[in-house]
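Just so you know, these numbers use all the heavy atoms, side chains as well, and skip hydrogens, waters and symmetry mates.
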Amino acid sequence: MLESTYAPIIPDLQAFKKNAKASSGITWKNSDLLILAGSILLMLGAVFLAFKLQPHFEQIRLDRLSTTWGMTFTILGITLLVFKVSFLLYILFLYLRYRPVKSVSDELLPTCTVIVPAYNEGELVWQTLMSLADSDYPQDKLQLISIDDGSQDDTWEWMKKAKEKLGDRLSIYQQPVNKGKRHALYRGFNLGTGEIFITVDSDSVVKKDTLRNMASPFVVNKNCGAVAGNVRVLNNQKALIPRMLNVSFAFSFEFVRSAQSALGSVLCTPGALSAYRRDAVMTCLPQWLNQTFMGQPSDIGEDRAMTNMILKQGLHVLFQRNAYVYTNIPEKYKNLYKMFIRWERSNVRENIMMSKFAFGKFRDGSKIGPRILLLNQWLKLLLSIPMILLMFVFIFTHPVLFFTSTLVSIMIFSSVQAFFYAKRHNISEAFWAYPYSIFYTFTLFWITPYAIATAHRRGWLTRGLSEKK
């Protein structure tokens with residue numbers, strides 16, 4: 001129904017589904033081919049150079065081992081490599097154990113409230129609400145709520161158009177001023193009557209069976225407190241950055257979160273699509289709304305904060321690979337790094353919060369898995385600053401060795417993502433894992449250290465009108 005009635009309104013979803021069915025449907029530009037070819041040639045050149053200069057690199061290694069500092073760094077490097085490889089194998093083991101929960105029958109589905117907060121989204125909020133209304137969830141068990149968080153554009157007008165179309169199926173509300181996403185969700189939580197809350201970003205569209213797939217784990221698993229949806233890139237055919245990130249998103253959700261779900265410990269339910277048991281939300285709602293960090297109200301990371309507070313209650317957080325949401329991501333570098341800064345600041349804050357309960361008796365059964373996941377998060381954060389310092393040291397002292405080894409490493413580890421995407425989706429798109437890793441390594445390496453240094457700062461960073469133009 002959505003595909004026939006609203007096809008002119010949601011062209012991105014149509015294109016995404018078409019491309020997902022067959023790689024032959026993908027339109028390649030000359031610039032795309034040049035970037036892919038250039039990235040692969042660059043890495044192959046690094047492999048060739050590493051082979052040709054191997055005696056020189058071996059001499060550098062021997063010289064380094066002759067000093068105390070050199071020996072120390074070598075031992076640390078080998079230790080970290082062993083840990084990372086071991087962690088990857090551990091995640092692979094968990095991934096192979098993972099199975100998504102199949103949808104239960106209409107009779108067993110719980111009542112559900114879907115909350116869509118919106119700020120300066122314009123027509124996108126209409127697309128979101130129409131896709132939700134077309135879901136195959138029983139209408140008598142579904143409540144749709146959308147809240148305009150004091151938008152400065154025509155978002156409210158598009159919400160009213162959706163209300164005219166959907167009638168009593170949709171309730172819309174308007175915040176008098178922009179208070180932030182957390183406050184908009186808080187209002188929705190208090191207005192909602194469903195046993196399950198599902199939150200969806202206002203620049204996203206869902207598949208027909210997404211809502212029922214999100215709600216089913218709560219029926220099957222009484223310990224389930226939250227569920228993370230499977231986020232894919234909606235605008236992946238519009239610009240280079242979304243096209244590259246499409247592969248990264250698939251790996252992050254379908255591989256990493258699948259593994260975390262096998263432990264019942266998904267670390268973050270994404271803002272684009274998440275579901276929560278009502279009782280679990282209400283238990284921590286005041287604390288969540290009034291959360292602070294270094295004396296400042298928290299206006300970012302509401303998704304990770306809610307996930308932590310539900311994990312702290314001893315409940316499980318799962319991932320549903322069969323619950324798809326297609327969301328827009330930044331198409332420009334400036335907006336992309338702002339989004340990553342916000343995410344990393346949230347990681348710093350919520351890793352601290354999780355550390356306060358993860359090493360205690362926060363749930364029944366084994367707690368080793370969640371602790372390993374948290375330690376890996378901390379390792380990434382704590383090593384980011386010394387690794388950047390070492391990077392600059394190597395650039396100035398052994399530039400050829402640095403760039404060669406870096407590109408070879410990118411080729412090896414990106415191949416894991418590329419192979420995964422090729423296996424799950426299609427081969428041709430999988431090659432974007434390589435240029436994205438090069439792009440991230442050389443243009444976004446500073447994000448994590450900067451986020452650590454500025455973790456106390458407030459602000460969404462990417463919600464202004466200028467970014468929507």
Quick one: does any side-chain atom of [X] pair with a main-chain N or O of [Y] as donor and acceptor, under 3.5 Å?
X	Y	result
Ser146	Val116	yes
Arg182	Ile300	yes
Asn178	Tyr119	no
Asn190	Tyr186	yes
Thr128	Ser204	yes
Thr443	Phe439	yes
Arg349	Ala455	yes
Ser216	Asn213	no
Lys181	Pro117	no
Asn236	Pro242	no

Enclosure of [X] [atom1] (heavy-atom neighbours >12, cutoff 6.0 Å):
X	atom1	result
Asp364	CG	no
Phe359	CZ	yes
Leu89	CG	yes
Lys84	NZ	yes
Lys367	NZ	yes

Parallel, tilted or perpendicular, judged at 30° and 60°: which one describes the rings of [X] and [Y]?
X	Y	answer
Tyr326	Tyr324	parallel
Trp343	Phe249	tilted
Phe319	Tyr98	tilted

Checklist outcome for this item: Applying salt bridge (Lys or Arg N to Asp or Glu O under 4.0 Å) to Asp303 and not counting sequence neighbours gives none
Checklist outcome for this item: side chain to side chain donor-acceptor pair (under 3.5 Å) filter on Thr111, not counting sequence neighbours, yields Glu195
Nearest 0.5 Å, what's the [atom1]-[atom2] distance between [X] and [Y]?
X	Y	atom1	atom2	answer
Arg304	Thr307	CZ	OG1	7.5 Å
Leu211	Asp136	CG	CG	8.0 Å
Ile447	Phe340	CD1	CZ	7.5 Å
Asn235	Leu245	CG	CG	9.5 Å
Phe255	Lys423	CZ	NZ	13.5 Å

Checklist entry - Just checking, any donor-acceptor pair under 3.5 angstrom between side chains of Thr448 and Ser384? => result no
Checklist entry - After noting the C-alpha distance and the side-chain angles of Tyr434 and Phe413, does the key distance pass the ring-ring contact (aromatic ring centres under 6.0 Å, His included) rule? => result CA-CA 9 Å; Tyr434 298 109; Phe413 286 100; over 10 Å; no
Checklist outcome for this item: Exactly one candidate in Glu254, Gln320, Arg321, Arg257 meets side-chain hydrogen bond (donor to acceptor under 3.5 Å, both in side chains) with Asn230; the answer is Glu254
Item to check | Pairs touching residues 128-148 that satisfy ring-ring contact (aromatic ring centres under 6.0 Å, His included), sequence neighbours left out | outcome: none
Checklist outcome for this item: Residue pairs passing the ring-ring contact (aromatic ring centres under 6.0 Å, His included) test with at least one member in residues 256-311, sequence neighbours excluded, are Phe189-Trp288
Next on the checklist: Checking Val247 now: which residues fulfil side-chain contact (heavy atoms from CB on, under 4.5 Å) with it, not counting sequence neighbours?
Outcome noted: Tyr421, Trp432, Ala433
Side-chain atoms of residues 311-318: list all donor-acceptor pairs with protein atoms under 3.5 Å, sequence neighbours left out, distances to 0.1 Å.
from   : atom 1 : to     : atom 2 : distance (Å)
Gln313 : NE2    : Ala280 : O      : 3.0
Gln313 : NE2    : Met309 : O      : 3.3

